[in-house]
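Values in this document were obtained by computation on a predicted structure and should not be read as measured data. First the proteins, then the strands, lettered A, B, ... as listed; each starts at 1.
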Amino acid sequence: MSVVVATPAATPIILEGREGFFGRLSDRFWRNPGLLLLLMLTPPLLWLGVVYVGSLFALLLQSFFSIDEFSGLVRYEFTLKTYRELLQPANLDIIVRTVAMAAVVTLASAVVAFPIAYYAARYARGAWKALFYLGVMLPLWSSYLVKVYAWKLILAKEGILNWIFAKLHLTWLLEAWLSLPIVGGNSLSISYTGTFIVFVYVWMPFMILPLQAALERVPVNLVEASTDLGATPGQTFRKVIFPLALPGLVAGSIFTFSLTLGDYIIPQIIGTSRLFIGQAVYAHQGTAGNIPLAAAFTVVPMVVMGLYLWMAKRMGAFDAL
Amino acid sequence: MTSAVTFQKVSRHYGAVRAVDEIDLEIAEGEFFAMLGPSGSGKTTSLRLIAGFEQPTAGHIEIFGQTAEGIPPYRRNVNTVFQDYALFPHLNVIDNVAYGLMVKGVSRPDRMKAAEEALALVQLPGYGGRRPGQLSGGQRQRVALARALINQPKVLLLDEPLGALDLKLREQMQEELKTLQKSLGITFVFVTHDQGEALSMADRVAVFNEGKIVQVGRPQDIYARPRSRFVADFVGSSNILPPDLVHRLTGEHRWGSLRPELVMLSARASEGTLPGRVVATNYMGAATRIAVDAEDLRLHTIAPAGMTVPSVGETVFLAFDHGHLHLMDDEP
């Protein structure tokens with residue numbers, strides 16, 4: 001039996017380089033992988049470094065200037081006056097209110113998102129999984145403002161929620177809740193409860209998706225090993241599933257926490273007239289023209305997030321990464 | 001002797017797939033029992049039925065005389081060494097080993113002491129502070145073993161525990177596991193697709209195929225007297241002789257199995273030998289495996305080191321004691 005092979009002359013050991021500029025470029029990049037990396041990274045690094053971090057730094061700088069009370073002009077001298085102003089009781093109220101809201105929203109998002117993410121990671125397959133992604137992502141495709149205004153209608157005194165409570169003969173329950181201090185108000189749409197509900201609704205996908213990704217990476221056999229060793233489902237959740245999903249939970253909470261800290265539209269449309277940080281920034285840089293104080297206000301979420309991440313790291317949230 | 005595990009007509013079906021199909025099985029206390037079969041034969045599902053990860057579709061399972069159906073894994077005093085070890089990546093070695101005691105509420109000093117002893121038992125003393133990711137495959141295997149043994153289970157289940165190890169380490173672990181089982185006296189149920197491993201380690205072997213157990217017995221019995229062509233071929237390698245040829249040789253019209261090591265090569269024809277032509281010789285170190293075409297069959301024989309090996313194309317004569325020809329049932 002004979003095997004047909006190409007004659008040696010037709011197949012040289014070393015092939016000719018490709019013709020033209022791109023051919024030479026390919027060889028060049030192959031010899032210097034660093035060159036390609038440099039070419040790929042320069043534009044995003046310029047963007048990140050100059051446009052993004054640079055403007056952030058400029059903002060930070062602004063907070064160390066102050067405003068002249070008479071002329072209303074910014075005085076370009078280093079001073080901590082603006083920060084003293086930031087720590088006045090009225091402004092401190094805004095900070096505490098915003099941070100408390102962000103914390104409660106994050107906690108509620110985590111509690112609501114966990115079962116959804118767990119189901120999607122563990123049990124949903126094929127079409128159900130596609131439906132899950134669609135269900136989670138769909139709200140993100142519609143305008144944020146439309147959603148918030150829709151919620152205003154839902155939560156209004158004449159809205160569907162009130163109507164449902166009336167039909168269930170539970171109006172007394174709603175009234176009782178609204179008569180409570182702090183969380184209450186004239187109607188859901190002008191109470192902190194309303195603001196909270198809308199925040200949780202709007203940021204929910206940002207909690208579900210990282211959590212689902214983290215839970216998906218927890219191998220099934222670790223859960224089996226835990227039950228095999230005598231752990232009840234509750235113990236398995238606390239000792240194995242939760243610690244391994246913690247990085248996803250932290251990632252999700254970074255989203256919900258920081259997005260709530262910075263948002264100024266939701267509390268303006270739904271809620272009381274009391275300000276949140278975002279609204280304060282908006283007011284100071286716009287109508288009041290107090291750029292230094294607005295800058296100082298934006299420093300607060302950054303500091304809070306920094307503290308949050310530092311605490312999460314100390315508690316070992318990233319150990320399983 | 002008490003029975004550690006009993007299966008009565010146990011089935012586990014997934015839709016139309018019969019992973020385990022009406023299996024009857026009895027594993028004695030203190031026994032080293034191997035479940036051997038190709039992948040998809042139902043051996044792992046049977047193990048998972050004992051552990052409680054799967055529930056039978058039909059039939060009855062008893063563990064030490066007690067009904068096991070409907071009992072969750074965490075209420076069974078049975079522990080498992082998983083195929084890929086399933087060590088908890090967020091815990092260090094000692095906390096992994098102590099996990100079973102931790103969930104039972106044993107105090108920290110007590111469980112640390114027990115875990116340290118368990119680590120010494122598997123020859124990893126002082127490794128407690130490391131992370132599973134810092135260990136080699138063999139070391140992880142030992143940690144998984146220590147973790148499964150710390151609860152002092154009545155039955156230890158091992159799901160292809162040596163599959164991921166290299167040959168040298170596997171042979172060493174085989175010996176260690178066997179010694180450990182004898183000294184602890186715990187019933188070991190061992191799942192493997194490696195027939196050599198099953199034969200060398202187990203007191204008894206169950207051969208699985210297509211959801212059923214085709215033969216149970218001592219390794220020697222299974223090797224010498226396979227019940228069917230499947231067992232003869234899967235356990236060790238064998239020359240399967242068709243009924244017509246067996247009829248000519250012995251007068252009985254049945255399938256025959258002839259182990260390669262029982263076949264001799266001879267250069268001259270004599271009474272009862274089969275002429276053939278050498279088609280391949282495989283040198284294996286301790287012996288050479290020779291493939292011979294004879295009687296329209298591809299037959300194999302083993303020539304121990306030191307014997308002259310015929311070259312390919314040569315005509316040889318196969319000689320064997322007809323008493324060594326094992327006759328089998330008609331089923332495949």
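- The greatest number of non-hydrogen atom pairs below 4.5 Å with chain A, out of B/Met102, B/Arg75, B/Lys104, is found for B/Met102.
- Using a 4.5 Å cut-off between heavy atoms, B/Phe53 touches chain A through its side chain atoms alone.
- The side-chain tip of B/Lys154 points at the ring of B/Phe64 from less than 6.0 angstrom away and within 45° of straight on.
- The side-chain tip of B/Arg131 does not point at the ring of B/Phe88 from less than 6.0 angstrom away and within 45° of straight on.
- Interface residue B/Arg48: only side-chain heavy atoms are found under 4.5 Å from chain A.
- Figure legend: A/Arg125 and A/Tyr123 shown without cation-pi pairing, the cationic atom not lying both under 6.0 angstrom from the six-membered ring centre and within 45 degrees of its axis.
- Proximity to chain A (any heavy atom under 4.5 Å) is shown, for B/Leu91, by neither the backbone nor the side chain.
- For the set A/Pro219, A/Pro233, A/Ser226, the count of heavy-atom pairs under 4.5 angstrom toward chain B peaks at A/Ser226.
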task = Starting from the C-alpha separation in whole Å, work towards a yes-or-no answer on side chain to side chain contact (heavy atoms under 4.5 Å, CB included) for B/Val10 and B/His60.
result = CA-CA 6 Å; B/Val10 171; B/His60 177 60; 5.7 Å; no

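- The candidate from B/Val78, B/Asn151, B/Thr80, B/Asn77 with the greatest count of non-hydrogen atom pairs under 4.5 Å with chain A is B/Thr80.
- The existence of a salt bridge linking B/Glu176 and B/Arg142 is confirmed by a sub-4.0 Å separation between a basic side-chain nitrogen and an acidic carboxylate oxygen.
- There is no contact between B/Val81 and chain A, counting heavy-atom distances below 4.5 Å.
- Ionic pairing of B/Asp194 and B/Arg170 is present here: one or more N-O contacts between side-chain nitrogen and carboxylate oxygen are shorter than 4.0 angstrom.
- Contact of B/Asn79 with chain A is made through backbone and side chain together, with heavy-atom distances under 4.5 Å.
- In terms of heavy-atom pairs under 4.5 Å with chain A, the best-connected choice from B/Gly133, B/Gly100, B/Ala51 is B/Gly100.
- Between B/Glu160 and B/Lys43, at least one side-chain N (NZ, or NE/NH1/NH2) sits under 4.0 Å from a carboxylate O, which counts as a salt bridge.
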